[in-house]
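Written below as structure tokens is the structure these notes are about.
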Amino acid sequence: MREQILGMLFGEETGNRGSIPLRQISPATLQCGDAPIFMAGDADHSRPVLHEAQAEGTLAGRNAACFPEMITGRRMVPFSIIFTDPALANIGELDGKDSVIASASYEDQGRAKVEGVNRGLPRLHADSANGKLIGAVLATPAAEHMAHFLVMAIDRDLTASEIPPLPFYHPTFEEGLKPALREICSRTGGPVGMERDDGFLAGARGRASPDPPLTELGVSTGAGSAGQNSG
């Protein structure tokens, strides 16, 4: 039985797992090749975080129980958070995509200055053709919260022009994203929607920024910092 399972997983009957690549796992069904085997969570390891593992477990379990009748699942926008100081967040799938990249400085951002955490850098990626947000890399105060905001914007296919007119409560760290969003608009030819502020309110104030190295941002890992919840 062990040899049969390994054969279905690796393409031939063998006990030497290290020499033969694992069959392609379908991200839509989580099926391993054409075998009646489905992988989820850490067994798959493509996105080893808790919220992904929960969704994958539901899909893989349903398809395994109903095989050969299967359904496809809609994958979430990938993102991960590392709880350093400031926190780090990586959002979207950016490799190989033609994107416009814009950054903003938190040095003069109102909320960050009041709390004495005015350091950090949000780097936003947008489709160069239409300004649609496709990803982000954050090293900012409250990055774990802004990451969720940006994931929802990407999931809804919002452009950089469509985000600034949305409600931004004052004073919040999220206001510091506006300079980068405006830069994307200007570089992609997208309209900058009418807003109640033009970038000079204390919380929204900021400027497009060149990308400094992370060592200049004061990024440090604290004892007991956690990376990600594993599924």
Side-chain angles (χ1 to χ4, degrees), residues 77-82 84 86-115 117-219:
V77 175
F79 80 111
S80 60
I81 299 171
I82 302 176
T84 51
L88 306 176
N90 191 66
I91 305 160
E93 295 177 323
L94 306 176
D95 292 342
K97 293 188 177 180
D98 183 18
S99 62
V100 170
I101 304 173
S103 303
S105 171
Y106 266 68
E107 181 180 0
D108 197 34
Q109 204 271 336
R111 174 69 179 271
K113 288 181 69 176
V114 168
E115 298 194 9
V117 291
N118 53 320
R119 65 187 189 278
L121 176 77
R123 182 183 299 168
L124 307 185
H125 294 243
D127 191 313
S128 59
N130 53 27
K132 184 181 297 183
L133 205 65
I134 60 174
V137 178
L138 307 177
T140 64
E144 67 268 32
H145 305 299
M146 291 195 290
H148 287 81
F149 171 80
L150 293 171
V151 164
M152 287 187 285
I154 295 170
D155 186 66
R156 286 155 177 75
D157 292 327
L158 296 183
T159 67
S161 297
E162 294 171 323
I163 298 174
L166 298 175
F168 280 74
Y169 206 87
H170 175 73
T172 59
F173 294 109
E174 283 79 0
E175 291 176 296
L177 297 173
K178 286 188 175 183
L181 291 167
R182 293 190 183 104
E183 181 183 346
I184 291 173
C185 293
S186 66
R187 292 173 60 186
T188 59
V192 179
M194 294 295 294
E195 303 177 52
R196 291 179 57 190
D197 74 272
D198 58 2
F200 293 100
L201 286 179
R205 188 178 181 184
R207 60 181 184 274
S209 170
D211 296 347
L214 288 179
T215 52
E216 294 183 13
L217 303 177
V219 175

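Below, each value reflects all heavy atoms present in this structure, side chains not excepted, and no hydrogens, waters or symmetry copies.
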Listing, residues 126-133 side-chain donor-acceptor contacts under 3.5 Å, not counting sequence neighbours, or none:
residue	atom	partner	partner atom	Å
D127	OD1	A129	N	2.8
S128	OG	D98	OD2	3.0
N130	OD1	K132	N	2.9

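Using a 4.5 Å heavy-atom threshold, the side chains of E107 and R119 count as separate. The closest side-chain heavy-atom distance from I134 to S99 is below 4.5 Å. Two residues are said to be in side-chain contact when any heavy atoms from C-beta on lie closer than 4.5 Å; Q109 and N118 fail this criterion. Proximity of R111 to K113: side-chain heavy atoms (C-beta onward) are nowhere separated by under 4.5 Å. For the pair T140 and L88, the minimum side-chain heavy-atom distance is 4.5 Å or more. Here the side chains of M146 and P122 are not in contact, with every heavy-atom distance at 4.5 Å or above. Side chains of L124 and L181 form a contact here, defined as non-hydrogen atoms less than 4.5 Å apart.
Between the side chain of E162 and the backbone N or O of T159, at least one donor-acceptor pair lies under 3.5 Å. Distance alone, capped at 3.5 Å, places no donor-acceptor pair between the R182 side chain and the A160 backbone.
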L138 and N90: CA distance, side-chain angles, deciding distance, side-chain contact (heavy atoms from CB on, under 4.5 Å) verdict
CA-CA 7 Å; L138 307 177; N90 191 66; over 6 Å; no
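Pairing each heavy atom of R123 with each of H125, the nearest pair is O-CD2, 3.8 Å. In plain terms, the two heavy atoms of S161 and C185 that are nearest each other are OG-SG, 3.4 Å. Residues A102 and A180 approach most closely at CB-O, 3.4 Å, considering heavy atoms. Scanning all heavy atoms of the two residues, the minimum distance from I163 to A153 falls at CD1-CB, 3.9 Å.
Scanning for ring-ring contact (aromatic ring centres under 6.0 Å, His included) contacts around H145 gives an empty result, with sequence neighbours left out. In this view, R156 satisfies the salt bridge (charged side-chain N to carboxylate O under 4.0 Å, His left out) rule with no residue, not counting sequence neighbours. Evaluation of the ring-ring contact (aromatic ring centres under 6.0 Å, His included) rule for Y106 yields no partner, not counting sequence neighbours.
Here salt bridge (Lys or Arg N to Asp or Glu O under 4.0 Å) pairs that include residues 133-155, with residues two or more places apart or in two chains, are R74-D155.
Ring pair F168/F149: centre-to-centre distance below 6.0 Å.
Distance check: I154 CD1 to M152 CE gives 11.0 Å after rounding to the nearest 0.5 Å. Rounding to the nearest 0.5 Å places NE2 of H148 at 4.0 Å from CZ of F79. The distance from atom CD of E183 to atom CD1 of I101, rounded to the nearest 0.5 Å, is 10.0 Å.
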